[in-house]
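To start, the structure itself, in structure tokens.
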Amino acid sequence: MASLESLIGLVNRIQRACTVLGDHGGEGMSLWEALPSVAVVGGQSSGKSSVLESIVGRDFLPRGSGIVTRRPLVLQLHKLDKGQTEYAEFLHAPRKKFTDFAAVRREISDETDRITGKSKQISNIPIHLSIYSPNVVNLTLIDLPGMTKVAVEGQHESIVEDIDNMVRSYVEKPNCIILAISPANQDIATSDAIKLAKQVDPSGERTFGVLTKLDLMDKGTNALDVLEGRSLRLQHPWVGIVNRSQADINKNVDMVAARRREQEYFESSPDYGHLANKMGSEYLAKLLSKHLEVVIRQRIPSIIALINKTIDELESELDRLGRPIGVDAGAQLYTILEMCRAFDRVFREHLDGGRAGGDRIYLVFDNQLPAALKKLPFDRHLSLQNVRKVVSEADGYQPHLIAPEQGYRRLIDGSLSFFKGPAEASVDAVHFVLKELVRKSIAETQELKRFPTLQSDIAAAANEALERFRDDSRKTVLRLVEMESSYLTVEFFRKLPMEPEKGGPTPNTAPTSDRYSENHLRRIGSNVSAYIGMVCDTLKHSIPKAVVYCQVREAKRSLLNYFYTQIGKREKKQLGAMLDEDPQLMEKREGIAKKLKLYKSARDEIDSVAWK
């Protein structure tokens, strides 16, 4: 089995890498959250900062009255070999190493003020600090703002609830170990830390109780009932701590000397001497490390399962965004053609019903075209007045003998010309639908999202092709109308009943401008209307056929054919320009690739370290 240091050190390194990559929150459980850490919880002035500094062995935290910790401090301790120089690094200043821990204290204050301002407000945005030292154990600690019961001047009334919510957001996580800090010179029953720990961890499996300020208790009193678990039993043993006095802090007594004095206090104490080997900050740090090892070993199967699940998700996301492309012209051309085929598949799915949109073409033929045909002004064109006018003008100076052939033809030609408008409108309506489907298909083709320039090129080529198809379609449907004009179906008229002229001009009526009876003219208009109705039924079916053949069929067959011939002639530089990726997607893919590398490395390291 791996050593405690190597296993916890590995967890620390993975957490550090997760933090750098921003993988420490969001939907579901991140790897950062799956790995155990220790949250330091306590009321204001409970001695939290002193406990942390004792564990680290350095004086590095800001001090003062009231709320000093106003942002969570994620503190990762990394053990170095003896003789190596200790230093600190902040995530927000990754290239800067701090060897002066007074500068670390100032940086924490400055970084806190950067978010919260020089006020007494809090922020849930954490500060990430890593300390590398031969004098620490591998550990991740989270210092949280001290809980309070009332808001002071300069704070929002909601500060009590805000702090409680922030602390709970950390300690409620099942992999968080709770370090509950309580001062010995106060009644343990009123401890904010213990009260919260019991709420979020009722079984006590994750809670360690720490009793501070033992040396400040009233003379003649001690905390043995608490430390020995008689007044308040926890699943894990209580640990007593003796913090540096304010005088020691003012005198800059170093932490090594403070640890030595702490141990001497317990060893020489008549009350706590029998517990001396289980008291003090050094023992606390080792106890937490040992417990972390146990927790990590228990969590390894679930951690590995989470890692494998996340690797699969990242691989899928990387496939969706697209893998890096080759730099040679052949690879670039292949990539472009693959993108075009992907777009073409989506476009065909829209037309064939796999995706929404193609049904709008049918609506053009089923609703728009019939409605337009119904609105044509045949009633006006074939009115009695207009029929008389057209027939009379067609006859010229000599009235027709049997039937007004020229009048019929002029009336029919005039009526047929009205069909051109709906025919062209159908062409334009389908063209609009096809253009919209091109736009939607480009937006829905996931492979294309990374190449905005190629998106534009494909859109331009597709729309240019659709314009050509529209021109052919318009010529075809107009030709259908003209064909009806160029040759009339004479059988239709031969089958019409031949009725004798009834009535004629009365003796008192002189046929000056009215050469024909109204009944005769009405029959002419009725005959022409019937013929136009027959033609209308024909065109109602032939126009959709022509439009689909010339536009929809061609769009499915050859939308990008001309584009293919053009890109085949382009040089490497031109092809590369077409594959100019969206910088945001490049950044996203790079981030996913780094996370994928991290998770694979974490899996391999956990496997090798945990089970060897």
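On a predicted model such as this, the values are computed, not experimentally measured, just so you know.
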Quiz item: Any salt bridge between Asp344 and Arg348, counting N to O under 4.0 Å?
Solution: yes
Quiz item: After noting the C-alpha distance and the side-chain angles of Asp413 and Arg410, does the key distance pass the side chain to side chain contact (heavy atoms under 4.5 Å, CB included) rule?
Solution: CA-CA 5 Å; Asp413 284 344; Arg410 289 190 183 184; 5.7 Å; no
Quiz item: What's the shortest heavy-atom distance between Val387 and Leu521, and which atoms?
Solution: CG1-O, 3.7 Å
Quiz item: Just by modelled atom types, is the Leu306 backbone N or O under 3.5 Å from a matching donor or acceptor in the Thr310 side chain?
Solution: yes
Practice problem: Identify whether the distance between the nearest side-chain nitrogen and carboxylate oxygen of Glu518 and Arg522 falls below 4.0 Å. | Solution: yes
Practice problem: Kindly give the heavy-atom pair with the smallest separation between Ile592 and Glu317, and that separation in Å. | Solution: CD1-CG, 3.2 Å
Quiz item: Hey, is CZ on Arg409 packed in by over 12 heavy atoms from elsewhere, all under 6.0 Å?
Solution: no
Quiz item: Any side-chain heavy atom of Leu579 within less than 4.5 Å of one from Leu454?
Solution: yes
Self-check item: Heavy-atom donor-acceptor pair, Ser526 side chain to Arg523 backbone, under 3.5 Å
Solution: no
Quiz item: Taking it one step at a time, do Arg474 and Asp471 satisfy salt bridge (charged side-chain N to carboxylate O under 4.0 Å, His left out)?
Solution: CA-CA 5 Å; Arg474 181 182 285 115; Asp471 291 343; 3.7 Å; yes
Quiz item: What heavy-atom pair brings Leu373 and Cys536 nearest, and what distance separates the two atoms?
Solution: CD1-SG, 3.8 Å
Exercise. Could you tell me whether Tyr564 atom OH has more than 12 heavy atoms of other residues or ligands within 6.0 Å of it?
Key: yes
Practice problem: Mind checking the CD1-CG spacing from Ile458 to Leu560? Nearest 0.5 Å is all I need. | Solution: 6.5 Å
Practice problem: Answer yes or no: is there an ion pair linking Glu482 with Arg479, defined by an N-O contact shorter than 4.0 Å? | Solution: no
Practice problem: Kindly say whether Ile125 contributes a backbone atom to a donor-acceptor pair with the side chain of Arg71 at under 3.5 angstrom? | Solution: yes
Quiz item: Roughly how far, to the nearest 0.5 Å, is CG of Leu314 from NZ of Lys594?
Solution: 14.5 Å
Quiz item: What distance do Arg345 atom CZ and Glu349 atom CD have between them, rounded to the nearest 0.5 Å?
Solution: 8.0 Å
Self-check item: Side-chain heavy atoms of Val528 within contact of Ser415, under 4.5 Å
Solution: yes
Quiz prompt | Asp379 CG: over 12 foreign heavy atoms closer than 6.0 Å | solution = no
Exercise. Would you indicate whether the side-chain heavy atoms of Phe419 and Glu484 approach each other to under 4.5 Å?
Key: no
Quiz prompt | Separation of Tyr562 OH from Thr565 OG1 (nearest 0.5 Å) | solution = 6.0 Å
Quiz prompt | For the student: nearest non-hydrogen atoms of Leu416 and Ser485, plus distance | solution = CD1-OG, 3.4 Å
Quiz item: Tyr599 versus Glu315: any side-chain heavy-atom pair under 4.5 Å?
Solution: no
Quiz item: Got a sec, which residues hit ring-ring contact (aromatic ring centres under 6.0 Å, His included) with Tyr531, two or more places apart in sequence or on another chain?
Solution: Phe492, Phe493
Quiz item: Looking at CD of Gln332 and CD1 of Ile567, how far apart are the two atoms once the value is rounded to the nearest 0.5 Å?
Solution: 11.5 Å
Quiz prompt | Within-4.5 Å side-chain heavy-atom neighbours: Arg380 and Asn386 | solution = no
Quiz item: Under 4.5 Å between any side-chain heavy atoms of His350 and Glu444, yes or no?
Solution: yes
Practice problem: Answer yes or no: is there a donor N or O on one side and an acceptor on the other, between the side chain of Asp366 and the main chain of Tyr362, under 3.5 Å? | Solution: no
Quiz item: Does Ser542 reach the main-chain N or O of Thr538 with its side chain, forming a donor-acceptor pair under 3.5 Å?
Solution: yes
Quiz item: Is Asp359 reaching over with its side chain to a backbone N or O of Gly357, donor-acceptor style, under 3.5 angstrom?
Solution: yes
Self-check item: Side-chain donor or acceptor of Asn165 paired with backbone N/O of Glu161 under 3.5 Å
Solution: yes
Quiz item: Ion pair present between Lys440 and Glu436, side-chain N to carboxylate O less than 4.0 angstrom?
Solution: no
Quiz item: Is the shortest heavy-atom distance from the side chain of Val535 to the side chain of Val481 under 4.5 Å?
Solution: no
Self-check item: Which residues share a ring-ring contact (aromatic ring centres under 6.0 Å, His included) with Phe469, sequence neighbours left out
Solution: none
Quiz prompt | For His381, ring-ring contact (aromatic ring centres under 6.0 Å, His included) partners two or more places apart | solution = Phe418
Quiz item: Taking the inter-plane angle between the rings of Phe347 and Phe343 on a 0 to 90° scale, is it parallel (under 30°), tilted (30 to 60°) or perpendicular (over 60°)?
Solution: parallel
Self-check item: Closest non-hydrogen atom pair, Val200 against Arg168
Solution: CG1-NH1, 3.9 Å
Quiz item: Just by modelled atom types, is the Ala443 backbone N or O under 3.5 Å from a matching donor or acceptor in the Lys449 side chain?
Solution: yes
Exercise. Side-chain contact test, heavy atoms from C-beta onward, threshold under 4.5 Å: evaluate it for Gln455 versus Phe451 and give yes or no.
Key: no
Quiz item: Looking only at heavy atoms, which two atoms of Arg603 and Ile307 are closest? And how far apart?
Solution: CB-CG2, 3.7 Å
Exercise. Can you measure from SG (Cys340) to CD (Glu447) and round to the nearest 0.5 angstrom?
Key: 11.5 Å
